[in-house]
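Have a look at the structure below before the remarks.
So that the names make sense, note that chain A is the first sequence line, chain B the second, and so on, each numbered from 1. All heavy atoms count here, side chains included; hydrogens, waters and symmetry mates do not.
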There are 4 protein chains.
Amino acid sequence: MDYMYGPGRNHLFVPGPVNIPEPVIRAMNRNNEDYRSPAIPALTKTLLEDVKKIFKTTTGTPFIIPTTGTGAWESALTNTLSPGDRIVSFLIGQFSLLWIDQQQRLGFNVDVVESEWGHGANLDVLASKLASDRYHSIKAICIVHNETATGVTNNLATVRKLLDDYNHPALFLVDGVSSICALDFRMDEWGIDVALTGSQKALSMPTGMGFVCASPKALEAAKSAKSVRVFFDWNDYLKFYKMGTYWPYTPSIQLLYGLRAALDLIFEEGLDNVIERHARLGKATRLAIEAWGLKNCTQKEEWYSDTVTAVLVPPYIDSSEIVKRGWKRYNLSLGLGLNKVAGKVFRIGHLGNLNELQLLGCLAGVEMVLRDVGYPVKLGSGVSAAAAYLSNTTPLITSRI
Amino acid sequence: MDYMYGPGRNHLFVPGPVNIPEPVIRAMNRNNEDYRSPAIPALTKTLLEDVKKIFKTTTGTPFIIPTTGTGAWESALTNTLSPGDRIVSFLIGQFSLLWIDQQQRLGFNVDVVESEWGHGANLDVLASKLASDRYHSIKAICIVHNETATGVTNNLATVRKLLDDYNHPALFLVDGVSSICALDFRMDEWGIDVALTGSQKALSMPTGMGFVCASPKALEAAKSAKSVRVFFDWNDYLKFYKMGTYWPYTPSIQLLYGLRAALDLIFEEGLDNVIERHARLGKATRLAIEAWGLKNCTQKEEWYSDTVTAVLVPPYIDSSEIVKRGWKRYNLSLGLGLNKVAGKVFRIGHLGNLNELQLLGCLAGVEMVLRDVGYPVKLGSGVSAAAAYLSNTTPLITSRI
Amino acid sequence: MDYMYGPGRNHLFVPGPVNIPEPVIRAMNRNNEDYRSPAIPALTKTLLEDVKKIFKTTTGTPFIIPTTGTGAWESALTNTLSPGDRIVSFLIGQFSLLWIDQQQRLGFNVDVVESEWGHGANLDVLASKLASDRYHSIKAICIVHNETATGVTNNLATVRKLLDDYNHPALFLVDGVSSICALDFRMDEWGIDVALTGSQKALSMPTGMGFVCASPKALEAAKSAKSVRVFFDWNDYLKFYKMGTYWPYTPSIQLLYGLRAALDLIFEEGLDNVIERHARLGKATRLAIEAWGLKNCTQKEEWYSDTVTAVLVPPYIDSSEIVKRGWKRYNLSLGLGLNKVAGKVFRIGHLGNLNELQLLGCLAGVEMVLRDVGYPVKLGSGVSAAAAYLSNTTPLITSRI
Amino acid sequence: MDYMYGPGRNHLFVPGPVNIPEPVIRAMNRNNEDYRSPAIPALTKTLLEDVKKIFKTTTGTPFIIPTTGTGAWESALTNTLSPGDRIVSFLIGQFSLLWIDQQQRLGFNVDVVESEWGHGANLDVLASKLASDRYHSIKAICIVHNETATGVTNNLATVRKLLDDYNHPALFLVDGVSSICALDFRMDEWGIDVALTGSQKALSMPTGMGFVCASPKALEAAKSAKSVRVFFDWNDYLKFYKMGTYWPYTPSIQLLYGLRAALDLIFEEGLDNVIERHARLGKATRLAIEAWGLKNCTQKEEWYSDTVTAVLVPPYIDSSEIVKRGWKRYNLSLGLGLNKVAGKVFRIGHLGNLNELQLLGCLAGVEMVLRDVGYPVKLGSGVSAAAAYLSNTTPLITSRI
């Protein structure tokens, strides 16, 4: 029944769940504890303080919810909006599509702004919508920072600028699932009202924690938001925050200690260094793809993602064969193309606790797989392009003596 | 910052989260994996099949949701009911109270049938309500099998009998959080429509999985239920069940393997033996309390719980001092009294992966703590009463050679 | 094939290997590393410094050898003595017997001073031997601090005093396997020349590290000692100490990190508090045995051991039945009687990372087992005697808030 | 103090200790157990049976000793030989040198047959020594199968043939530390009398177990061998084998379960497939080195090692800079050059639980490091040469569905 085992390490390059570093695995290797003892609130307090740092906020209020990214989405929406509220949402790939599906099922009136998959959010349309919305019927802008299905990063600073230019009070809700802790993300500076992510992405933990961070304006909106919510209700958390016990229901003891370890590693490396490392690995990946003569699914450089790259394959190849072959022959886990781009792209996730040689091993594997499926790649071409860049840019590991 | 550490093992006797057996801790000690690889659906398939066994159902459909018991409640309610629906719900302690609070906030019209804390659900009231409900305005009966706050087990067979007697079509929704895998629970035989539990209770895993099992009638009801739900929507699961990929969003890889190990241990011991072990430990606990001259919070023997016992303390003692002292002096974690019984009871959780000597160590600890807080207990009295019983009833461990 | 598994925790009360605390298990949960990288010497340096503290020496030189206690014995002997050397050695139980067997097989001329099992070393004989040894033909005194088979602790201060009284230059070699880190042990103050222990005893780690600590006089003796040794040769270590790389052959990476964690826990609790905790648990155990009407194998109070108690059973009972029954029925692991006392005693190990309630659970288990095998014990009698004492003497856990 | 941590995985390519697969790490993640319970002998019995398979022997008797390879050497020698015995031993690198040093310190009369480092054992000299040894003064031939310092594999079949040709009764003792479980090794077929290895090599476990396997002839020799030994004495083991308790002193519980898991993985993959995988990775490594324009330290193809490759660097480069740089910049652990080849070679260990993409990641790293230290390597050249070969030869992973 262990279909997973193969000789050597699994090379995990899906864009989530990602590799968990050993210190985090170790920290979670423990029995349960009474979460009502004084030890857990003391630990939780440090976590809530430190989680704010990865959102780059000092004014936000974080909620750590035992859920996935889908639940975090729901928490963001239901706490700030009421059924029937008009919102603007950008459809640029599978995950923004799923979020929009959720928005519609939750009863919001969604202006869907669609782009071709591989393009970023069409902010021109946002501009014109804001311009024409004199009576502020738009209650929220919902946008994914990084579309995991296509490897497209949207420009959140521009969204903020548009809202400011039109002096528009709409809430600014951001899915940062495959960006926070990996891409440059500035909740306070960009005036984001709700930002969210999940533990299994750049935090490099198991699935199971949804992180939602609310600005003071979002907290204020929560007071009048009429969407029905109980499990995802911020008020339950706030009540327990006030009491200093923090948890309205049982948290995962293991994930709490795991989060402590994960944050410690990020701060030890330095959040900005983490972000720079992702930039480095993203760029190296793109150079490899170029060397292979393949195209990035992402159509413009401004949208290139430093956490995931979707690679377009020639029409005569089924990209899902690439993923299957990588898994069966080289213990390599790549991301499938989803929905509209199924069969057309495969994805290389390069986020989380990952280093240069891991990526180069993956790229070498992709080359061999490409050859296996009939694409005439020059073996070593992508690796050497990536290595040339990495060789010039990789810093020394600071902890090493 | 490690306020938890003390010499020797922590004696974890809160009624959840409970002790995790070593084989389960081991099974979860692993890196993440691609959940879209063929390995995870193959594993999931066995889990869904085997989870049905702990519900004692062959016709039910299980959902394993990345959430807590609170989320499992929400899933049970929102998938089967519509806002405004009339339901009957029994308030007998803190957890039934919280569920009722959720039911009301979700917009149902709740007939709250309240009992004094320490009493079971008032099924006479149910009988009369069913008798008078000729037009079947009651859409569901909601009941906790075992109230964790007071240690009261309700008689589900009687509920079923009443529904049958009155030929009433109401859905029968059961919170089995602190019962399933520990108490006698028979989903099919008792005609339960939705049953639910959480991973950190008798399954002896970390928090993070809510298990919800739906009868065919419940699935049918889900088709017309108008409560808004997305994250908790069974339909998303059913869609993925059909595709054979099982997961509408990212599951916790670690918990999947942990669940496999937990179920294997339960089946190795034998589910009925597990239940018998709980009966044995519950009885032993009650004998100790009697020997100490203390009262069970539970007022009648028919309601005695074999998973948790709430112990009434004399008025001159604050029960929270007992809990605090146990933790600070003896590395013993007991359950606090909650809400109406705060300060009045402390709780001994005796559920999950636990054996006789662990319980006797706990009882010895409670005796010393009682002495510490000024209760004139005869040291050894409870332990000897419990041991006399256990000594006559404990079977040989079957795996031992 | 997993004959070990039983519901709940195994109650491990053999006098080694003992329970490993979770933080140590966690610290060892890791991949291998290159032991020639700068990280391992940096770690090793702290370990060697800190290991001295558990020997209470500032002048000693510690060797951490990938071996067991038996190997540590061999290291102590072969590095300081030459074949044919006359040594005095005390036979008081199975482990001193095994050590003497080793001494003889290594070619030393052993004056065996035998006591009845249950008695301590006969130091009067030592006195007379020293008195008559005017020409210092005795090269070493070999003594176990604590005989694990009978639960007898010898008085090392007296040995030192005798050597001083007679101004005798013999080396003073001590087996501290079941004493160091648990009993009062003072290498420098007592002028011990070689002291040794193993990782699986009071250090509460897995088996695999032998700790040998040599006084300056022992190091000097090593220069002329002619016993053949290679694997156990201190010189190989000293050579690598000088180079700052520390390891003449590959150490266990896992045990190095485990030792770091184990020492951290001991220092956090405070070594003297650890010793006091052992005194407390030892006394409690003896009170229980007295209450059961059974006899301690140890014949005089001055020899009572605070790490292990051998309990004499009535002639009509086979003590190995007690051990077998404990394991098969109650998941309780007790120590067998060995050699001369096989069938006559069972042993309760109360050393290492252990607390009061664990011990009381064990004692409750022993009572039930005694009843099982036909000994008319009053259930609860031992537990209450132990609890009465513990209840008066157990301090608050210092880390707890 | 954690100098080891760096972002992402450590790339461990020293020739031991090597990467431990997750299932083995998991199996060892446990508390201690009573090794005198029936469970441990039952487990041990399976281990002793299965260990024979990795030696390819049915007639040998294996000993699993809590020690390192150095201790295993000592066990092999002291149990079969007497001080003054003449033995022939081949010096071809640092590890054969250390073994010879041990042989001399143990008092044997060693005919050292030296080759230049990078060459294999000079078997012509052996032939002439055997030819001239009419009176069989040579008691044993000692040879390392694979010299870890230079990456040289000796031809054991030829040694056997020579012994047979000259009808010479000398014992045939083989150090298989970096060969067994990775290279073709046939104890029975090649008439090896004692073969040995360590847990941290191709078995992919932590350090701590020395495996020594004795032929019937070796066991017979042990009866008259006069070398002093106690800890390493086979007789102590044989005594306990007869009793069915197996262990003369405390084994590491964790390593026993780890060994079980390690053997299971090897048998699941198939020992012959494991050996073939090593051949594949060894060949790929050599192709890369050739592509870089560098030389193998090993001077002839017949001696090429499939577990470790020592790479000669140009005189203007200090190979230890390569190792240091790999560690500090790329989290890559390479083997240093030792003794005579210090500064002249660096070593790539490609043994144990390892796969193709891990190796390619390592090779990519070596290329970048070579560039860092001023060697004009074409980035990607070695990777592509290796990949071209691997792409043609790597089989599908059999466990994958």
Can you tell which part of A:Leu359 gets under 4.5 Å to a heavy atom of chain D, answering side chain, backbone, both or neither?
neither
Pick from A:Gly6, A:Ala386, A:Ala387: which one has the most heavy-atom pairs with chain D under 4.5 Å?
A:Ala387
Who wins among A:Ser391, A:Pro395, A:Ser204 for the most heavy-atom pairs under 4.5 Å with chain D?
A:Ser391
Where D:Ala388 and A:Arg371 come nearest, the two heavy atoms and their spacing
O-NH2, 4.3 Å
Show your reasoning for whether side-chain contact (heavy atoms from CB on, under 4.5 Å) applies to A:Met368 and D:Leu360.
CA-CA 11 Å; A:Met368 294 198 291; D:Leu360 292 174; 3.6 Å; yes
Contact origin within D:Ile20 toward chain A - heavy atom pairs under 4.5 Å:
backbone
Whether A:Asn353 side chain and D:Pro7 backbone form a donor-acceptor pair below 3.5 Å
no
Applying ring pair (Phe, Tyr, Trp, His ring centres under 6.0 Å) to A:Phe185 and not counting sequence neighbours gives A:His145
Check: D:Arg9 main-chain N/O paired with A:Gln358 side-chain donor or acceptor under 3.5 Å
yes
Nearest 0.5 Å please: distance from the CG atom of A:Asn355 over to the CZ atom of D:Arg329.
12.5 Å
Step by step, would you call A:Leu357 with D:Asn331 a side-chain contact (heavy atoms from CB on, under 4.5 Å)?
CA-CA 8 Å; A:Leu357 301 198; D:Asn331 214 341; over 6 Å; no
Of all of D:Glu269, D:Glu22, D:Glu356, which one pairs up most often with chain A through heavy atoms under 4.5 Å apart?
D:Glu269
Suppose we screen for salt bridge (Lys or Arg N to Asp or Glu O under 4.0 Å). Which residues come up paired with A:Arg400, at least two apart in sequence or across chains?
none
Max heavy-atom pairs within cutoff under 4.5 Å with chain A, candidates D:Asn19, D:Leu265, D:Thr398, goes to D:Leu265
Is it the case that D:Arg26 and A:Asn29 place a side-chain donor and acceptor less than 3.5 Å from each other?
no
Return the OH to CD1 distance between A:Tyr330 and D:Ile397, rounded to the nearest 0.5 Å.
10.0 Å
Between A:Ile401 and chain D, which part of the residue has a heavy atom less than 4.5 Å away: side chain, backbone, both or neither?
both
Minimal non-hydrogen separation, D:Gly380 against A:Ser384, with atom names:
CA-CB, 3.7 Å
When rounded to the nearest 0.5 angstrom, what distance separates CG in D:Leu396 from CH2 in A:Trp327?
11.5 Å
